[in-house]
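Worth knowing before you read on, the calculation uses all heavy atoms, side chains too, and leaves out hydrogens, waters and symmetry mates.
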Amino acid sequence: MTELKNFMYELHRYADQTHTLKDAYEKLPEAEKQKVMKTAPASVRSPEEFFHPVFSWLETMHSEYGVENEE
């Protein structure tokens, strides 16, 4: 269970970072958003698109396993 708690902690940190990145991306003018995405690898979605699945994953982990983050 300790390893699961560690994973949950890291997933929470990752979710927070994806949210921060999404916020920074949303503040960019449209032309700069296009430049950013043009340089991204083809397999990378925009920050607006990948932050939702990460938070969904974290919420599912919380509800499925009842493990809370200990920050």
Chemist: If two hydrophobic side chains count as joined below 4.5 Å and joins carry through other members, does Y14 share a cluster with V44?
Modeler: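 Each belongs to a different hydrophobic cluster.
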Chemist: Can you name the nearest heavy-atom pair linking A15 to L58, along with the distance?
Modeler: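 Nearest heavy atoms, A15 then L58: CB-CD2, 4.0 Å.
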Chemist: Heavy-atom distance under 4.5 Å between the side chains of F7 and M61, does that happen here?
Modeler: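 F7 reaches M61 side chain to side chain.
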Chemist: Under the side-chain hydrogen bond (donor to acceptor under 3.5 Å, both in side chains) definition, can you give me all pairs with a residue in residues 27-51, not counting sequence neighbours?
Modeler: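 Passing the test, one end in residues 27-51: no pairs.
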Chemist: Going by the rule side chain to side chain donor-acceptor pair (under 3.5 Å), which residues pair with H19 if we only count those two or more places apart in sequence or in a different chain?
Modeler: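 If we apply the side chain to side chain donor-acceptor pair (under 3.5 Å) test to H19, skipping adjacent residues, the hits are D23.
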Chemist: Which residues end up grouped with F55 if you chain together Ile, Leu, Val, Met, Phe, Trp and Tyr wherever their side-chain heavy atoms are less than 4.5 Å apart?
Modeler: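 Same cluster as F55: F51.
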Chemist: Supply the members, apart from V36, of the Ile/Leu/Val/Met/Phe/Trp/Tyr cluster built from side-chain contacts under 4.5 Å; use none for a lone residue.
Modeler: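 Y25, L28, M37, all in the cluster of V36.
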Chemist: Do the side chains of F50 and L21 get nearer than 4.5 Å, heavy atoms only?
Modeler: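 Answer yes - side chains close enough.
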Chemist: Using side chain to side chain donor-acceptor pair (under 3.5 Å) as the criterion, list what pairs up with E26, not counting sequence neighbours.
Modeler: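 Per chain and number, E26 pairs via side chain to side chain donor-acceptor pair (under 3.5 Å) with K22.
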